[in-house]
There are 2 protein chains.
Amino acid sequence: MIYTVGEMAKKLNVAPSTLRYYDKEGLLPFVERSGGGIRMFKDADFEYLAVIECLKQAGMVIKDIKVFIDWCIEGDSTIEQRLNFVDNQRRAVIKQIEQMQQTLKMLEYKHWYYETAKKAGTCSVHSDMNEEAVPQEFRDVREKVKGLPCVK
Amino acid sequence: MIYTVGEMAKKLNVAPSTLRYYDKEGLLPFVERSGGGIRMFKDADFEYLAVIECLKQAGMVIKDIKVFIDWCIEGDSTIEQRLNFVDNQRRAVIKQIEQMQQTLKMLEYKHWYYETAKKAGTCSVHSDMNEEAVPQEFRDVREKVKGLPCVK
DNA sequence: TATTGACTTAAAGTCAACTTCAAGTTGTAT
DNA sequence: ATACAACTTGAAGTTGACTTTAAGTCAATA
């Protein structure tokens with residue numbers, strides 16, 4: 001099965017211009033062209049672009065992705081670099097997940113905070129709430145944001 | 001304890017210009033000034049900025065953070081909006097964590113891929129590797145990237 | 001074969017989030 | 001009192017990741 005840039009873009013739920021941009025930046029050296037110069041995406045390219053999407057969403061910038069692809073093209077002489085690269089990326093993602101989980105904890109606290117405030121009709125229920133009324137899992141977060149100006 | 005913009009920036013490990021930018025964008029309405037106009041950050045502002053950092057790293061844009069802060073200032077009449085906002089944000093973060101875990105899985109596969117290739121001195125060990133030699137946890141990822149042009 | 005919608009490129013435009021610059025002010029240390 | 005590092009502002013510049021525009025080409029259909 002062969003797809004034009006528009007068809008592949010629809011499959012990936014991105015704008016066609018995004019794929020053209022990736023191509024221009026050297027991220028798609030494997031995409032072949034028709035005699036008239038039209039890009040012909042294959043099914044494997046869908047998975048390939050999904051991997052790129054994955055790396056991007058992990059916080060990798062396009063230039064770094066290009067570096068990695070260039071190493072892949074260069075062949076076995078760059079295995080060490082690629083191992084290194086993947087390792088750094090892996091560590092960065094682990095760190096990011098940890099941070100995200102911190103953020104989630106805070107948002108869950110805030111969720112409880114505003115649910116409670118909503119029931120009471122005012123945020124001031126929280127200022128004279130005794131420790132026991134605060135669910136166990138929120139006590140440490142609450143302690144941290146206690147002194148904040150307003151955005152608890 | 002009181003800090004200047006430079007001192008607080010150092011504590012937060014950001015550039016002073018970043019804090020001035022946040023201030024200009026309305027993210028720091030609680031930071032007071034000296035008679036001469038110099039920002040005076042307090043200890044509570046450190047926690048406050050840490051929360052902002054958290055929201056930012058969760059993918060929230062500065063304008064949205066400002067909207068939230070403005071709601072906080074407005075008071076109890078905006079509790080419902082804030083609950084809604086926090087809830088959406090929470091859902092988005094959960095989704096992001098799930099995606100990150102997918103990415104991590106892929107990077108762990110690649111880590112194994114290049115470790116193995118390094119030992120063998122070539123990536124071609126993978127093309128004629130039988131299923132049993134692939135660790136259980138990598139088999140599904142491997143299947144997905146099997147047909148990829150080069151960047152497996 | 002003519003039309004038409006989707007493709008092509010290069011170049012310019014946009015947006016968020018900063019950063020840098022220029023010109024001037026503050027406040028501490030000698 | 002004077003120097004000097006760090007502060008202030010507004011405005012312009014930068015970077016990354018696209019998006020839009022303009023001018024033209026391709027290829028499937030009537």
Side-chain angles (χ1 to χ4, degrees), chain A residues 1-42 45 49-70 89 92 96 99 103, chain B residues 1-42 45 49-70 89 92 96 99 103:
Chain A
M1 187 68 187
I2 281 176
Y3 310 87
T4 65
V5 77
E7 287 160 352
M8 184 51 92
K10 197 163 273 177
K11 252 170 89 79
L12 287 159
N13 205 27
V14 300
S17 60
T18 305
L19 296 183
R20 293 198 191 100
Y21 168 68
Y22 287 176
D23 197 4
K24 197 166 67 179
E25 294 300 306
L27 260 48
L28 313 178
F30 312 114
V31 175
E32 287 170 39
R33 303 293 186 108
S34 75
I38 291 190
R39 290 177 189 82
M40 302 187 307
F41 289 84
K42 293 181 283 300
D45 295 330
L49 280 156
V51 171
I52 287 181
E53 188 49 43
C54 227
L55 297 175
K56 247 172 33 73
Q57 105 91 31
M60 211 181 294
V61 298
I62 282 177
K63 273 185 186 168
D64 287 350
I65 299 176
K66 184 183 165 25
V67 166
F68 185 74
I69 291 170
D70 288 347
Q89 215 49 43
Q96 273 188 77
Q99 274 183 36
T103 303
Chain B
M1 188 68 187
I2 281 176
Y3 311 87
T4 65
V5 77
E7 287 160 352
M8 184 51 92
K10 198 162 273 176
K11 251 170 88 80
L12 287 159
N13 206 28
V14 300
S17 60
T18 305
L19 296 183
R20 293 199 191 99
Y21 168 68
Y22 287 176
D23 197 3
K24 198 163 65 177
E25 294 300 307
L27 259 49
L28 313 176
F30 312 113
V31 175
E32 288 170 38
R33 302 293 187 108
S34 75
I38 291 189
R39 289 178 190 84
M40 302 187 308
F41 290 83
K42 294 182 282 301
D45 295 330
L49 280 156
V51 171
I52 287 182
E53 188 49 44
C54 229
L55 297 174
K56 248 174 32 75
Q57 105 92 33
M60 211 180 295
V61 297
I62 282 177
K63 273 185 185 166
D64 286 351
I65 299 177
K66 184 182 165 26
V67 167
F68 185 74
I69 291 170
D70 287 348
Q89 215 49 44
Q96 273 188 76
Q99 274 183 35
T103 303

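It should be emphasised that the depicted structure is a prediction, and the values quoted were computed from it without experimental measurement. The sequence lines fix the lettering, A, B, ..., with proteins before strands; numbering per chain opens at 1.
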* Give me the residues of residues 52-67 of chain B where at least one heavy atom lies under 4.0 Å from an atom of DNA chain C, by number, or none. => Lys56(B), Val61(B), Ile62(B), Lys63(B)
* Relative to the 5' end of DNA chain C, which residue comes earlier, Lys24(A) or Thr4(A), by the nucleotide with the nearest heavy atom? -> Thr4(A)
* To do: Return the set of residues passing side chain to side chain donor-acceptor pair (under 3.5 Å) with Tyr21(B) (not counting sequence neighbours), or none when no residue passes.
  => none
* Side chain to side chain, Leu49(B) and Leu28(B), heavy atoms closer than 4.5 Å -> yes
* Tell me, please, which residues at least two apart from Gln89(A) pass side-chain contact (heavy atoms from CB on, under 4.5 Å). => Met60(A), Leu107(B)
* Asked: Restricting to pairs with a member in residues 52-62 of chain B, which pass salt bridge (Lys or Arg N to Asp or Glu O under 4.0 Å), not counting sequence neighbours?
  -> none
* Smallest separation among heavy atoms of Cys54(A) and Thr103(B), with atom names -> SG-OG1, 3.2 Å
* salt bridge (Lys or Arg N to Asp or Glu O under 4.0 Å): which pairs involve residues 25-39 of chain B, sequence neighbours left out? -> Asp23(B)-Arg33(B), Asp23(B)-Arg39(B), Glu32(B)-Lys42(B)
Distance-only criterion, 3.5 Å: show the donor-acceptor pairs between side-chain atoms of residues 6-15 of chain A and protein atoms not counting sequence neighbours.
{"unit_1": "Glu7(A)", "atom_1": "OE1", "unit_2": "Thr4(A)", "atom_2": "N", "d": "2.8"}

* Structure fact -> Taken to the nearest whole Å, CG/Asp23(B) to C1'/dA17(C) is 16 Å
* Would you call Asp64(A) and Phe68(A) a side-chain contact if the rule is heavy atoms closer than 4.5 Å? -> no
* Arg39(A) has an atom CZ; how far is it from atom C1' of dT9(C), in whole Å? -> 9 Å
* For nucleotides 20-30 of chain C, read 5' to 3', which letter fits each nucleotide if B means a protein heavy atom sits under 4.0 Å from the base, S means only the sugar-phosphate is that close, and - means neither? -> B-----SS---
* Would you mind reading off the distance between Tyr22(A) atom OH and dT9(C) atom P, rounded to a whole angstrom? => 17 Å
* Residues Asp45(B), Tyr3(B); criterion side chain to side chain contact (heavy atoms under 4.5 Å, CB included); working and verdict -> CA-CA 10 Å; Asp45(B) 295 330; Tyr3(B) 311 87; over 6 Å; no
* Structure fact -> Nt span of DNA chain D in reach of chain A heavy atoms at under 4.0 Å, 5' end first, is dG16(D) to dA27(D)
* **By side chain to side chain donor-acceptor pair (under 3.5 Å) - contacts of Lys66(B) (at least two apart)** => Asp70(B)
* Structure fact -> Sequence neighbours excluded, the answer for side-chain contact (heavy atoms from CB on, under 4.5 Å) partners of Ile38(B) is Ser34(B)
* **Spacing between Tyr21(A) atom OH and dC15(C) atom C1', to the nearest angstrom** => 13 Å
